[in-house]
Q: 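Pasting in a structure now, in structure tokens, and then I'll have a few things to ask.
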Amino acid sequence: MHYNHDPKFPEGFFWGASSAAWQAEGATKADGRTPAIIDLNSQKKKPFADNSIAADHYNHYKEDVALMAECGFTSYRFSLAWPRIIPHSDRKVNQAGIDFYNNLIDELLQYNITPIVTLYHYDMPVWVEEKCNGWLDRSIVDEFEYYSKVCFEHFGDRVKYWLAINEQNMQICYGDWLGVSKGCDDWFKQKWIINHNMNLCSAKAVIACHEMVEGGKIGPVPGMVPIYPETCKPMDQIGAMNAEEFTEKLWNDTNVYGKYSNFLKNYWKNHDIDPGIQPGDEELMAKAKVDFIGVNCYRSNTGKYAPANAKTQDYLLNKDGVKGNLTFPVVPGEYALTSNPYVETNDWDWEIDPVSLRYTLRYLWDHYHLPMIITENGFGMHESKDADGQVHDPERIDFLRENIYQVGLAIEDGCEVLGYNPWSFTDILSTGNGMAKRYGLVYIDATDEELVNAKDSSELAMNRIKKDSFYWYSKLIKSNGRDW
Ligand code: BG6
């Protein structure tokens with residue numbers, strides 16, 4: 001990477017990191033928490049660790065926040081676990097769950113770290129799934145609204161930045177992988193009902209946030225993977241546009257404009273899909289005005305046109321961290337994804353493409369003109385301690401440096417970017433690969449095998465070891481992005 005000059009970050013820029021409850025907290029049976037759908041999903045992924053212990057953040061939050069403060073954080077993005085807050089169908093609020101998050105928020109504020117809180121990051125309580133048939137039944141909207149209001153009521157005096165549903169687009173695109181498709185017998189059609197119900201849930205949360213949280217701001221969190229056309233053939237441009245539409249754009253349009261696009265309505269008509277829109281739904285969505293966009297962006301993809309007679313291919317993600325084990329999707333008549341010879345990949349075949357972050361910020365700014373907070377970006381890798389007991393991660397430092405440089409360029413391009421919160425602070429469980437795919441600035445000294453075999457976290461030390469990237473990031477933060 002060639003750096004022409006030092007990027008400049010605005011005063012008050014949020015420097016932090018990001019996590020999610022089910023991937024960090026552990027303590028899944030503690031203090032009244034009941035199971036979440038993602039617990040059951042993660043338990044199927046052995047030999048990779050299930051989330052019973054995870055990074056044991058529930059029992060280490062004070063130590064973790066002190067480390068964030070040492071690093072110089074001014075923000076921290078995390079999610080609330082719905083089954084910790086409302087563990088049963090009687091809707092009774094679990095005081096122990098509220099206490100945990102109150103303590104975490106107070107601890108952050110004591111160090112002047114601004115909390116950025118996600119309402120939902122894949123951990124629907126099992127009781128909700130049973131009652132509402134996952135996301136399929138509209139009764140989910142009432143449950144979600146009630147849960148959101150409980151969160152705003154208890155934490156809204158101190159939490160002013162809220163995120164509604166993490167990566168709704170990815171949940172619909174990869175329903176099986178993230179456990180969302182349960183209960184569906186025709187995913188191709190029913191995913192649009194789920195999607196609509198999620199939109200109603202988000203809309204209710206946005207409206208309630210504005211009504212209940214003084215000065216509260218709330219936004220969506222799309223998983224952004226920008227699509228470059230494979231060639232300058234005109235039909236590859238259309239293929240890339242189709243891929244972008246079906247993996248991210250239609251969600252962004254709906255979230256920001258509060259209505260469904262003609263593109264999507266025509267698609268539903270052509271495929272005989274009824275997403276279950278009822279009178280009043282579109283008015284509700286239109287009323288929910290988001291304040292900013294949370295941006296999750298790790299990589300790019302490359303797209304081309306796929307003719308109508310092409311053979312369908314599902315997207316088979318690389319689930320074992322051995323390069324070359326990914327199969328790109330082909331959607332006949334719409335698009336195919338393909339590899340990009342101009343970028344390297346990590347062990348999970350994810351493109352290492354810092355420019356995609358600048359591209360994404362430019363793209364979102366040009367389309368929607370809303371402030372943005374980077375809520376995820378990061379480098380997953382196989383890692384272990386070195387002989388000196390430390391963890392040296394020059395690849396992650398390079399990744400962060402180059403991505404942050406691109407954020408600086410996007411700001412110079414005119415984008416309004418409020419903060420950078422990479423994934424993740426400590427190592428936490430990857431969605432499919434547990435601790436085998438680590439992202440943290442701080443190493444958690446436990447392997448998948450140890451986590452799976454331990455009865456509970458008291459059997460493990462769960463030591464935190466600052467990686468080289470922690471020290472590098474700390475210097476960068478303390479110079480507001482000037483000390484590379
Ligand atoms: C994001 C999710 O899409 O990607 C996180 O919001 C996830 O929950 C992250 O952990 C990285 O993906 P993975 O599969 O490497 O854990």
Side-chain angles (χ1 to χ4, degrees), residues 17-25 36-39 41-42 44-45 48-51 54-55 57 77-82 116-124 163-180 198 219-226 247-248 251 293-301 315-323 325-326 345-352 356-357 360 373-383 395-396 399-400 403 421-441 444 448 451:
S18 185
S19 73
W22 77 272
Q23 292 168 280
E25 286 176 6
I37 54 171
I38 198 78
D39 303 356
N41 208 35
S42 90
K44 284 191 251 144
K45 297 199 168 138
F48 303 116
D50 69 42
N51 63 323
H57 176 63
R77 182 236 178 176
F78 62 96
S79 75
L80 306 173
W82 189 351
I116 301 170
V117 175
T118 318
L119 287 168
Y120 185 77
H121 199 126
Y122 310 161
D123 41 10
M124 175 185 280
L163 299 156
I165 295 181
N166 187 67
E167 297 195 356
Q168 184 177 328
N169 59 326
M170 294 299 176
Q171 293 186 67
I172 300 299
C173 291
Y174 309 115
D176 280 339
W177 179 236
L178 296 168
V180 183
M198 285 184 173
V221 205
M224 295 296 293
V225 185
T247 56
E248 52 195 27
W251 286 271
I293 302 179
V295 182
N296 291 358
C297 177
Y298 294 79
R299 60 193 171 114
S300 57
N301 269 161
Y315 201 172
L316 305 178
L317 298 170
N318 178 332
K319 295 183 182 169
D320 53 16
V322 177
K323 262 192 198 198
N325 282 348
L326 173 142
T345 55
N346 74 0
D347 288 342
W348 284 261
D349 297 308
W350 286 27
E351 294 77 1
I352 303 171
S356 70
L357 186 53
T360 293
I373 301 179
I374 294 154
T375 39
E376 287 184 39
N377 170 248
F379 189 65
M381 57 193 279
H382 297 285
E383 272 178 314
E395 304 89 340
R396 181 168 296 103
F399 182 94
L400 293 173
N403 275 269
N421 297 276
W423 190 261
S424 50
F425 181 56
T426 64
D427 291 330
I428 56 182
L429 301 184
S430 133
T431 50
N433 286 221
M435 287 290 179
K437 188 181 187 188
R438 293 176 185 255
Y439 283 92
L441 302 161
I444 298 292
D448 282 325
L451 290 171

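In listed order, ligands and their atoms are each counted from 1.
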Q: Under 4.0 Å, heavy atoms only, figure out whether ligand 1 is touched by the backbone of Asn166, its side chain, both or neither.
A: side chain
Q: Any atoms of ligand 1 less than 4.0 Å from a non-hydrogen atom of Ser430? List them with their elements.
A: 13 (P), 14 (O), 15 (O), 16 (O)
Q: Is a side-chain donor-acceptor pair under 3.5 Å present for Glu376 with Tyr298?
A: yes
Q: Flag the pair Leu400 / Pro422 as yes when at least one side-chain heavy-atom distance between them is below 4.5 Å, and no otherwise.
A: yes
Q: Using a 4.0 Å heavy-atom cut-off, which part of Tyr174 comes near ligand 1: side chain, backbone, both, or neither?
A: neither
Q: Report the part of Met170 in contact with ligand 1, treating N, CA, C, O as backbone and CB onward as side chain, heavy atoms under 4.0 Å; options are side chain, backbone, both, neither.
A: neither
Q: What is the nearest protein non-hydrogen atom to atom 14 (O) of ligand 1, stated with its residue, atom name and distance?
A: Thr431 OG1, 2.4 Å
Q: Specify the protein heavy atom at minimum distance from atom 12 (O) of ligand 1: its residue, its atom name, and the distance to 0.1 Å.
A: Trp350 CH2, 3.5 Å
Q: Run down the list Glu376, Met224, Lys437 and name the one with the heavy atom closest to atom 1 (C) of ligand 1.
A: Glu376
Q: Tell me every residue that passes side chain to side chain contact (heavy atoms under 4.5 Å, CB included) with Lys323, counting only those two or more places apart in sequence or in another chain.
A: Thr345, Asp347, Asp349
Q: Quick one: look up the protein heavy atom nearest atom 9 (C) of ligand 1 and list residue, atom name and how far away it is.
A: Tyr298 OH, 3.2 Å
Q: Considering Gln23, Lys319, His121, Glu167 one by one, which has a heavy atom nearer to atom 3 (O) of ligand 1 than any of the others?
A: Glu167
Q: With a 4.5 Å limit on heavy-atom distance, are the side chains of Lys45 and Leu429 in contact?
A: no
Q: Is the Trp348 to His382 ring centre distance short of 6.0 Å?
A: yes
Q: Does any non-hydrogen side-chain atom of Val180 lie less than 4.5 Å from one of Met198?
A: yes
Q: For ligand 1, note which part of Trp423 has a heavy atom under 4.0 Å away: side chain, backbone, both or neither.
A: side chain
Q: Return yes if a side-chain donor-acceptor contact under 3.5 Å exists between Asn51 and Ser42, otherwise no.
A: yes
Q: Does Asn377 have any side-chain hydrogen bond (donor to acceptor under 3.5 Å, both in side chains) partners at least two apart in sequence or in another chain, and if so, which?
A: Asn403, Tyr420
Q: So between Tyr439, Tyr122, Trp348, whose heavy atom ends up nearest atom 15 (O) of ligand 1?
A: Tyr439
